[in-house]
2 protein chains.
Amino acid sequence: MQKNDNKAKYYKLMEYLKDEILMSRIKPGEQVPSENSLAEEFLLSRHTVRKAISMLVNEGYLYTEHGKGTYCTDWNRKRTNSKNIGVITTYISEYIFPKVVTGIEQVLSDNGYSIFLKNTNNNPLKEALYLEDLLENNIAGLIIEPSKSALFSNNLQYFKALDGHNIPYVFIHGYHQKLEATSYVMLDDAAGMYKAVEYLIKLGHKRIAGIFKGDDMQGLNRHKGYAQALFDGRLLYNPDDVVWFSTEDKDTKPTEVIRQFMEEKRGIDSVVCYNDDIAFRVFELLTGMSIKVPEDISLIGFDDSYLSANSSVKITSVSHPKEKLGEIAAQILLQMLKDSNYLKNPIQNVITPGLVIKESCIQR
Amino acid sequence: MQKNDNKAKYYKLMEYLKDEILMSRIKPGEQVPSENSLAEEFLLSRHTVRKAISMLVNEGYLYTEHGKGTYCTDWNRKRTNSKNIGVITTYISEYIFPKVVTGIEQVLSDNGYSIFLKNTNNNPLKEALYLEDLLENNIAGLIIEPSKSALFSNNLQYFKALDGHNIPYVFIHGYHQKLEATSYVMLDDAAGMYKAVEYLIKLGHKRIAGIFKGDDMQGLNRHKGYAQALFDGRLLYNPDDVVWFSTEDKDTKPTEVIRQFMEEKRGIDSVVCYNDDIAFRVFELLTGMSIKVPEDISLIGFDDSYLSANSSVKITSVSHPKEKLGEIAAQILLQMLKDSNYLKNPIQNVITPGLVIKESCIQR
DNA sequence: AATTATTTGTGCGTATGTATC
DNA sequence: AGATACATACGCACAAATAAT
């Protein structure tokens, strides 16, 4: 112990003990000397020793067992006492997200956890805000759909902080590229889109336009599958037939460009879309232009959502597991919470979607 | 302060002081009596008083200033810019609740709020735990489906604490009886069940069994509508034809008693159920006993959920607005957050449900 | 099965230090 | 300077839980 500072005796003892713990001279689970023996050793009253110990108990370094002794906390597992899980998604109440979130809730609340729901609207600044927020609140774990996962993220520091605090996190739909080993559950977006395009080619389509989102990983991968399927089907990949949009112009650009394509009569016979939301908008656009689906143009969406089932012509779409995806993410997180080894050995789950054939494509 | 529990003195004092704070008898910023005067007042040693106070300081209820005094923490300030809303429901991911929660999320996240989701499993002790939890986190408001709303609640103190901190809250589905003026949105459960029974009477049914939940307000009101409809239809109300169950025995008692009814062949020609969950179980029971719905027994559920649509014979049910109910609750809360006058003038919204006629009832 | 030693938990008394008004 | 309030510190006694004898 130190020489004479002007610090209080209990405070110096507390610092000494904390140091012993941090330097692993007192190891997790190990018993610390009894109050009486510490008092004797450091020539203090038991009361003073108790004060020092109670501070460390409050900070979580130690815990006491009545009649047995005082022990060093194994704070790799310490987070267990928080039963709050942060869930950050791009959207919550729209599209397929309610179902994904329901799947997460199902599993987590069955296991006694509460959920802190936040949506970023795909805005990395909001993501940063919420990550900071959740770090301050004391959460046991995090499930996150990254915002703009294709772009470089400034939020990596927060994930490193989570690593530092041994707070496990699971990505869904995509993950920030720069993180080396992370747990995630996502779709094989390329394979899904490949199936859609392959199907159109089999039906005899020659000019397949594609609409893709440029600022998330899903969009890039779906585009990859599109290009690969064209190549394998011996069709030319024509950059001019591809529409790229982003979060900011998603409500206007896809339909505007497709309208232009149609007005130019450049001979497109089908369109594959980033998701059902876009597909549904394109369907409405085409209907408004008196272009018939599927007679004039075949159309395929992605995610097999209610949007592809509600239109007057049901839109063929690539499946999305929705609740199942949420459940898997939650189960992965639970495993990581149970066994801290999983923090080092990430669990990665890729689901291969299938094509759900409805009414929006016909043989050419 | 209380009488003699076997709790420790310091603990009882701590609870007493915490209660004073939660009930706003000690207001934020206000100075609490000095250690010596508390010791004198409660005939305790100063040391014991200090122990109680130090716990409350640790939990953040109080803070001390050396040489000046001990003060009540003002967590109002922090709350003002909080964009977090607590949502406590009995269940989250089952039955109609995902839709209700989705409605809440829709409105709140559109207005920039995050949601803290907790489910009580209809256990008032968990409700208490979560209410305390949310009071310590800084939430801007609360939407709550009360647990066991028919029974006397020990959790009223927390709602008074919310009042004291100007945190608005909205009840859904029911409300704790003892609170005088609260905002809520709920169904006219009596009217809904009345319509169901009236419909059965019109179809010529004479012996209508009823299954009701005894520990929430909805159950009592649905029973009320049942009894009133029988009376108006000049049928005898027979207590032996009524099954009461509670949260704890919901999975066993309703079907067991109905099985007994059937084995006794007491001439029941129809069953109205507290909700679709019960109705679905009864349907499966009857089918298992080779009793046909609706040929032998007519059956009506409540909530118009997927359960009443998924069975082989679609079950006639009383409608429930689900998302709409969630949206209304969220909108009420937003109004209360915007205009603090609403805290004094509660907004109460009662939705009258209708009967959704499907396939489970026929003319006798 | 009862006893005993050890350890933490509760509670009181006292004295002194130090910051605030 | 003095009164008041919280902070530190020591000592003592007994209660309650635990583990070993």
Side-chain angles (χ1 to χ4, degrees), chain A residues 1-18 20-21 26-74 78 81, chain B residues 1-18 20-21 26-74:
Chain A
M1 216 152 91
Q2 294 293 333
K3 51 175 189 272
N4 235 349
D5 305 68
N6 39 9
K7 291 172 189 166
K9 292 183 185 175
Y10 77 88
Y11 196 86
K12 285 192 286 186
L13 177 59
M14 184 275 282
E15 281 187 320
Y16 167 78
L17 289 172
K18 186 189 271 188
E20 291 288 296
I21 295 164
I26 300 175
K27 295 191 190 73
E30 202 176 290
Q31 187 167 8
V32 303
S34 77
E35 293 171 355
N36 280 321
S37 60
L38 281 172
E40 202 174 347
E41 181 181 356
F42 293 101
L43 300 173
L44 297 168
S45 73
R46 186 173 159 228
H47 180 85
T48 306
V49 172
R50 277 180 68 76
K51 170 86 184 175
I53 287 176
S54 78
M55 289 184 77
L56 292 170
V57 168
N58 255 310
E59 290 176 37
Y61 288 92
L62 298 177
Y63 64 96
T64 58
E65 289 192 26
H66 192 165
K68 285 180 72 179
T70 303
Y71 302 85
C72 179
T73 314
D74 184 353
K78 204 189 68 166
N81 48 20
Chain B
M1 214 151 93
Q2 295 291 337
K3 50 177 187 271
N4 235 348
D5 304 69
N6 38 10
K7 290 172 189 165
K9 292 184 184 177
Y10 76 89
Y11 195 84
K12 285 193 286 185
L13 177 60
M14 183 275 282
E15 280 187 321
Y16 167 80
L17 289 172
K18 186 189 271 190
E20 293 286 296
I21 296 165
I26 299 175
K27 296 192 189 71
E30 203 176 289
Q31 186 168 8
V32 303
S34 76
E35 294 170 354
N36 280 320
S37 59
L38 282 172
E40 200 174 347
E41 181 181 356
F42 293 101
L43 301 172
L44 298 168
S45 75
R46 187 171 154 227
H47 179 82
T48 307
V49 172
R50 278 180 66 77
K51 170 89 183 174
I53 286 176
S54 77
M55 288 183 78
L56 292 170
V57 169
N58 257 311
E59 291 177 37
Y61 288 91
L62 299 177
Y63 63 96
T64 57
E65 288 192 25
H66 194 161
K68 286 180 71 178
T70 304
Y71 302 86
C72 178
T73 310
D74 187 355

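Chain identifiers are assigned alphabetically (A, B, ...) following the order of the sequence lines, protein sequences preceding nucleic acid strands; residue numbering begins at 1 within each chain.
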4.5 Å side-chain heavy-atom contact, B/V32 and B/L17: no
Spacing of OG1 belonging to B/T48 relative to OH belonging to B/Y11, to within rounding of 0.5 Å: 16.0 Å
Opening and closing nucleotides of DNA chain D in contact with chain B, under 4.0 Å to non-hydrogen atoms: D/dA5 to D/dT8
B/Q31 CD to B/T64 OG1 distance, which is reported to the nearest 0.5 Å: 11.5 Å
Neighbour count >12 (heavy atoms, 6.0 Å) for atom CD, B/E40: no
Side chain to side chain, B/M55 and B/K18, heavy atoms closer than 4.5 Å: no
Start and end of chain B contact along DNA chain C [non-hydrogen atoms, under 4.0 Å]: C/dT10 to C/dC21
Pairwise 5' ranking along DNA chain D for A/K68 and A/H47, keeping only the more 5' one: A/H47
B/G67 or B/K51, whichever maps to the more 5' nucleotide of DNA chain C: B/K51
More than 12 heavy atoms of other groups within 6.0 Å of B/Y63 OH: yes
Check: B/E65 and B/Y71 side chains under 4.5 Å, non-hydrogen atoms: yes
Close side-chain approach of B/I53 to B/R50, heavy-atom, < 4.5 Å: no
